[in-house]
Amino acid sequence: MDIKNKYVTIKTNINGAPKESNFEIKVENVSFIIESEDVVVKNLFVSIDPYQINRMKSQSSSQGTISFATAITPGESIDSYGVGRVLFSHRPDFKKGDLVAGLLTWGEYSIVKEGSLLNKLDPIMGFPLSYHVGVLGFSGLTAYGGFFQVCKPKPGEKVFVSAASGSVGHLVGQYAKLLGCYVVGSAGSQEKVNFLKERLGFDDAFNYKQETDLKSALKRCFPQGIDVYFDNVGGRMLEAAVANMNSFGRVAVCGVISEYTNATTRAAPEMLDIIYKRITIKGFLAADFMNVYAEFLSKTVEYLKSGKLKTIEDVSLGVESIPSAFIGLFNGENIGKKIVKVADE
């Protein structure tokens, strides 16, 4: 089977903020040698996520922890969560034309080896295929599992979400509101602040770029303290949140995007607060929550169908747009889940 495949790769390791010059679009005439366990997938949608920058570095402590975080070798294709349609398969569990979701690549086609993440999609669910990359995919599972399994929230508690207009944050805030919590989010523009309050129903939100003192900003928003902090950014925001937390507060560390491209912004929360207030700080990955995937999917589908949960997607078109879409994550350009549509369904 001969196919011309266009895909994205990095030219060299990236140890700072990503730039267009770090990436290359390659086009190869590939003669796929189909082994009995291989599935060839035509990619339709692929996920664009900030954690990928840690895989592109020459060294990161994350790279040896889990298969999803392994280092990306310059010149090779980059795997990411995505949705596609089976083009060819020798495996009995997949046939040509099946819609699938799993670890695909930032390109037009993927060869998925046996043992790699790949699942059939149920087309009768009635949602856009892109939802399976975002709200019904790992972004949604991260939000649901991180909030309910790590934060262990109770109705009426006070919840703070940073990067609240992002792919995970905008879902966490809505899950918290559905539970009956008081929810405040931070974001990087007035447009995003308005979006959180007017579209998603957050109780309050603030533009962190306009605050000279984050601790005071959080004190203003939470005069009675914070019970739960869902952290997507790390750095000074984590320090400020810990300073305003109540006793037995919980911090779920989902991401530290402020630290991914600048090591000088690393957080140094007040350890006395953590000790004397008995604050729990826990990091997690979406893969930790596969045991609640069925529960997450059932609840989220119910909320989406009833209109109680809104998901926002920022969709770019074509493989060529992947580098700029990725770079935009670190410039705060997106609202909601960043996705690239590779091909028509």
Side-chain angles (χ1 to χ4, degrees), residues 47-55 57 60-70 79-81 101-103 117 133-154 157-176 178-179 181 183 185-186 226-235 237-239 241-242 245 248-260 265-267 269 271 274 277-300 309 311 329 337-338:
S47 181
I48 309 297
D49 302 289
Y51 81 89
Q52 295 276 33
I53 193 67
N54 298 313
R55 303 181 63 204
K57 295 175 181 178
S60 171
S61 59
S62 63
Q63 291 175 0
T65 57
I66 190 170
S67 60
F68 297 119
T70 53
D79 59 321
S80 177
Y81 197 75
L103 277 184
L117 179 65
V133 180
V135 64
L136 300 177
F138 273 12
S139 293
L141 182 61
T142 298
Y144 186 92
F147 184 60
F148 290 105
Q149 298 294 307
V150 177
C151 298
K152 300 188 183 303
K154 304 178 185 68
E157 287 195 311
K158 297 167 183 63
V159 176
F160 173 48
V161 184
S162 58
S165 65
S167 62
V168 174
H170 87 285
L171 299 174
V172 172
Q174 291 181 86
Y175 284 133
L178 287 167
L179 184 64
C181 297
V183 183
S186 66
I226 299 168
D227 298 305
V228 168
Y229 172 38
F230 197 98
D231 186 17
N232 288 300
V233 301
M237 194 68 80
L238 174 59
E239 295 174 10
V242 167
M245 294 202 80
F248 303 102
R250 288 87 71 204
V251 180
V253 184
C254 175
V256 287
I257 193 170
S258 73
E259 304 179 27
Y260 288 163
T265 63
R266 287 177 181 166
M271 295 307 295
I274 294 170
K277 292 182 182 180
R278 287 84 93 202
I279 294 170
T280 299
I281 301 179
K282 184 176 181 179
F284 67 92
L285 300 171
D288 300 335
F289 307 124
M290 296 311 295
N291 62 318
V292 297
Y293 181 79
E295 172 191 314
F296 146 71
L297 195 61
S298 174
K299 285 287 188 184
T300 302
L309 183 73
T311 186
L329 294 177
K337 174 63 182 175
K338 187 62 191 177

Roughly how far apart are [X] [atom1] and [Y] [atom2], rounded to 0.5 Å?
{"X": "L171", "Y": "L141", "atom1": "CG", "atom2": "CG", "value": "11.0 Å"}
{"X": "I281", "Y": "I274", "atom1": "CD1", "atom2": "CD1", "value": "3.5 Å"}
{"X": "S67", "Y": "L117", "atom1": "OG", "atom2": "CG", "value": "9.0 Å"}
{"X": "Y293", "Y": "T300", "atom1": "OH", "atom2": "OG1", "value": "9.5 Å"}
{"X": "Q174", "Y": "T311", "atom1": "CD", "atom2": "OG1", "value": "7.5 Å"}
{"X": "N54", "Y": "T70", "atom1": "CG", "atom2": "OG1", "value": "12.0 Å"}

Is it true that R55 and D79 make a salt bridge, defined as a side-chain N closer than 4.0 Å to a carboxylate O?
yes
Taking only residues two or more places apart in sequence, or in another chain, which ones meet Y175 in a ring pair (Phe, Tyr, Trp, His ring centres under 6.0 Å)?
Y144, F148
Applying ring pair (Phe, Tyr, Trp, His ring centres under 6.0 Å), name anything that partners F138, two or more places apart in sequence or on another chain.
F68, Y81
Does I48 form a side-chain contact (heavy atoms from CB on, under 4.5 Å) with K337? I'd like the steps, not just the answer.
CA-CA 8 Å; I48 309 297; K337 174 63 182 175; over 6 Å; no
Given 3.5 Å as the limit, does a donor-acceptor pair link the side chain of [X] with the main chain of [Y], or not?
{"X": "K282", "Y": "R250", "result": "no"}
{"X": "R278", "Y": "F248", "result": "no"}
{"X": "S139", "Y": "V168", "result": "no"}
{"X": "S47", "Y": "V133", "result": "no"}
{"X": "K152", "Y": "Q149", "result": "yes"}
{"X": "T65", "Y": "S62", "result": "yes"}
{"X": "Q63", "Y": "K57", "result": "yes"}

Counting only heavy atoms not in K299 (residues, nucleotides, ligands), do more than 12 fall under 6.0 Å from its NZ?
no
If we only count heavy atoms from C-beta on, is the [X] to [Y] side-chain gap below 4.5 Å?
{"X": "I257", "Y": "N232", "result": "no"}
{"X": "F160", "Y": "M245", "result": "no"}
{"X": "L238", "Y": "Y229", "result": "yes"}
{"X": "L136", "Y": "L297", "result": "yes"}
{"X": "L329", "Y": "I53", "result": "no"}
{"X": "V150", "Y": "F230", "result": "no"}
{"X": "S258", "Y": "M237", "result": "no"}

Nearest heavy atoms of [X] and [Y], plus distance in Å:
{"X": "E239", "Y": "R266", "result": "OE2-O, 4.1 Å"}
{"X": "A267", "Y": "G235", "result": "CB-O, 3.4 Å"}
{"X": "D231", "Y": "V233", "result": "OD1-N, 3.0 Å"}
{"X": "F296", "Y": "G137", "result": "CZ-O, 3.9 Å"}
{"X": "G146", "Y": "F289", "result": "N-CE1, 3.5 Å"}

Quick one: which of I226, V183, V228, L179 gives a side chain to side chain contact (heavy atoms under 4.5 Å, CB included) with E157?
V228
